[in-house]
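Scope of the values below: all heavy atoms of this structure, side chains included, with no hydrogens, waters or symmetry mates.
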Amino acid sequence: LMPGLLGSRQHFGRYFRAPIENQADNERQARLNTMIRPFLLRRKKEDVAADLPPKTEIIREVVMDSDQASLYESIRASMEVKVRKVIRQRGLARSHIDMLDALLKLRQTCCHPQLVKLPSARKVNDSAKTDLLMTMLHELIDEGKKVLLFSQFTEMLSLLEEEITGQGIPYVKLTGRTRDRESVIEAFQEGDVPLFLISLKAGGTGLNLTAADTVIHYDPWWNPAVENQASDRAHRIGQDKPVFVYKLITSGTVEEKIMELQKHKQQLSDRTLDDGKSGIDAVDAFGKMTSEEILSLFLADDAA
């Protein structure tokens, strides 16, 4: 929009990004805000929908049982060794793919061991988070709630389908492979089913699902804006009921560290834009972290 306004990438990094991100430099933050404000036009939801019911976020923590916890620890320890070796051999900039793969395995273990493509994971069939979710679904649906359930892993949604079908809970599902999106959406909106399983990528934007009054994020993602956009499929103009957003977090794992990173990035975004709409994805997150910060994601909880 305004080439040259903020200088070169190198200048911006040295003069703005490093002082603001690393040192919380309020003077540089204020100067940046002053420079970009004339070129920002934002319409906030609270300004155009003042009568919108409240949205309440609730963190539900769950503790893994011994088998799942042992699997997580064995994967964490091996991945820490692997990532340290890769960074030492290739450097930080050329290690992103390996780091993402290592973190993926840890995140999958938190969701359900059956997601992890390792021989050791095949022996662990139970997930503490899945057990918590099923308990929550029965309670919420018995109370007459209509639920949106988001996960980034389509395979996780397939595992949940088996559990949900086995327990007789009616549902519909939307992923990137869904062909007739309209009929699925209509079935939920018209009250035919109380539960909507949605992949974060397929359903994070562009849907109006105001029949829902409850949102569950099964697994956290680096970018808080992506989760907020997904939650706002229910919390938008046309909603006449309070909306409750549950985030399921496995205690003592990388999921807690992702939540901390989310919080830091949300605060940075809020200070700059006031609306929290800018965010990060996993690759971008690594581009802004030191090797020590990345390695801290793989440390045991009591060593972090």
Side-chain angles (χ1 to χ4, degrees), residues 57-86 98-142 147 149-169 195 197 200 216-222 227 245-263 282 293-304:
E57 291 193 356
I58 301 170
I59 305 296
R60 291 290 303 269
E61 296 191 11
V62 61
V63 178
M64 294 181 288
D65 64 20
S66 58
D67 289 343
Q68 189 178 6
S70 296
L71 174 66
Y72 180 89
E73 176 56 23
S74 67
I75 294 176
R76 184 208 61 77
S78 63
M79 291 299 106
E80 180 186 356
V81 171
K82 177 183 177 180
V83 169
R84 287 184 183 277
K85 181 179 179 181
V86 168
D98 295 275
M99 291 186 293
L100 284 171
D101 179 66
L103 285 169
L104 174 65
K105 288 182 171 60
L106 292 181
R107 294 177 57 234
Q108 288 175 328
T109 307
C110 294
C111 289
H112 201 297
Q114 292 302 300
L115 293 179
V116 185
K117 308 307 180 188
L118 292 173
S120 56
R122 294 173 190 161
K123 304 173 185 177
V124 184
N125 296 312
D126 295 324
S127 163
K129 188 182 284 192
T130 299
D131 292 343
L132 170 64
L133 173 69
M134 297 310 300
T135 299
M136 289 178 61
L137 288 179
H138 281 293
E139 293 174 352
L140 291 167
I141 292 171
D142 286 346
V147 182
L149 173 57
F150 287 97
S151 176
Q152 294 151 66
F153 303 111
T154 55
E155 189 177 352
M156 186 66 237
L157 293 179
S158 296
L159 289 175
L160 292 176
E161 272 190 286
E162 296 179 14
E163 293 278 348
I164 291 165
T165 301
Q167 298 192 31
I169 300 175
L195 175 62
L197 308 183
L200 197 63
I216 300 175
H217 290 283
Y218 190 83
D219 37 82
W221 185 232
W222 307 95
E227 289 187 358
V245 179
Y246 294 89
K247 297 185 178 183
L248 309 188
I249 303 298
T250 310
S251 298
T253 71
V254 69
E255 289 190 337
E256 285 190 336
K257 296 172 184 179
I258 291 175
M259 291 291 290
E260 285 300 312
L261 183 60
Q262 274 191 4
K263 182 179 178 181
E293 288 172 327
I294 292 171
L295 287 169
S296 71
L297 297 173
F298 296 94
L299 293 177
D301 192 51
D302 58 358

Okay, side chain of [X], backbone of [Y]: is any donor-acceptor separation there less than 3.5 Å?
X	Y	answer
Gln68	Ala128	yes
Glu80	Arg76	no
Thr135	Asp131	yes
Tyr218	Cys111	yes
Lys257	Ser296	yes
Ser74	Leu71	yes

(message) Test side chain to side chain contact (heavy atoms under 4.5 Å, CB included) on Val147 and Ile216; report intermediate values, then the result.
(response) CA-CA 7 Å; Val147 182; Ile216 300 175; 3.8 Å; yes
(message) Which residue is it: Asp219, Leu103, Val116, Ile75? I am looking for the one with a side chain to side chain contact (heavy atoms under 4.5 Å, CB included) to Gln108.
(response)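 Checked Asp219, Leu103, Val116, Ile75 against Gln108; only one passes side chain to side chain contact (heavy atoms under 4.5 Å, CB included): Val116.
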(message) Going by side chain to side chain contact (heavy atoms under 4.5 Å, CB included), Glu255 matches just one of Ile249, Val62, Leu248. Which one?
(response)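 The single option meeting the side chain to side chain contact (heavy atoms under 4.5 Å, CB included) with Glu255 is Ile249.
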Nearest 0.5 angstrom please: [X] [atom1] to [Y] [atom2], how far?
X	Y	atom1	atom2	answer
Glu162	Gln167	CD	CD	12.5 Å
Lys129	Leu160	NZ	CG	10.5 Å
Ser251	Arg60	OG	CZ	11.5 Å
Ser127	Met156	OG	CE	6.0 Å
Leu137	Glu139	CG	CD	9.5 Å
His112	Thr130	NE2	OG1	4.5 Å

(request) Under the side chain to side chain contact (heavy atoms under 4.5 Å, CB included) rule, what do Asp126 and Asp65 come out as? Steps first, then yes or no, please. (result) CA-CA 9 Å; Asp126 295 324; Asp65 64 20; 4.2 Å; yes
(request) Apply the test side chain to side chain contact (heavy atoms under 4.5 Å, CB included) to residues Leu197 and Ile164: give CA-CA distance (whole Å), side-chain angles for both, the deciding distance (0.1 Å), then the verdict. (result) CA-CA 10 Å; Leu197 308 183; Ile164 291 165; 3.8 Å; yes
Any non-hydrogen side-chain atom of [X] less than 4.5 Å from a side-chain atom of [Y]?
X	Y	answer
Arg107	Leu115	no
Met99	Val86	no
Leu133	Leu149	yes
Thr253	Met64	yes
Phe153	Leu104	yes

Non-hydrogen atoms of [X] and [Y] that approach each other most closely:
X	Y	value
Tyr246	Leu140	OH-CD2, 4.4 Å
Pro220	Met259	CB-SD, 4.2 Å
Trp221	Glu227	N-OE2, 2.8 Å
Gln114	Glu155	O-OE2, 4.2 Å
Tyr72	Gly252	CE2-O, 4.4 Å
Thr250	Glu256	O-CG, 3.9 Å

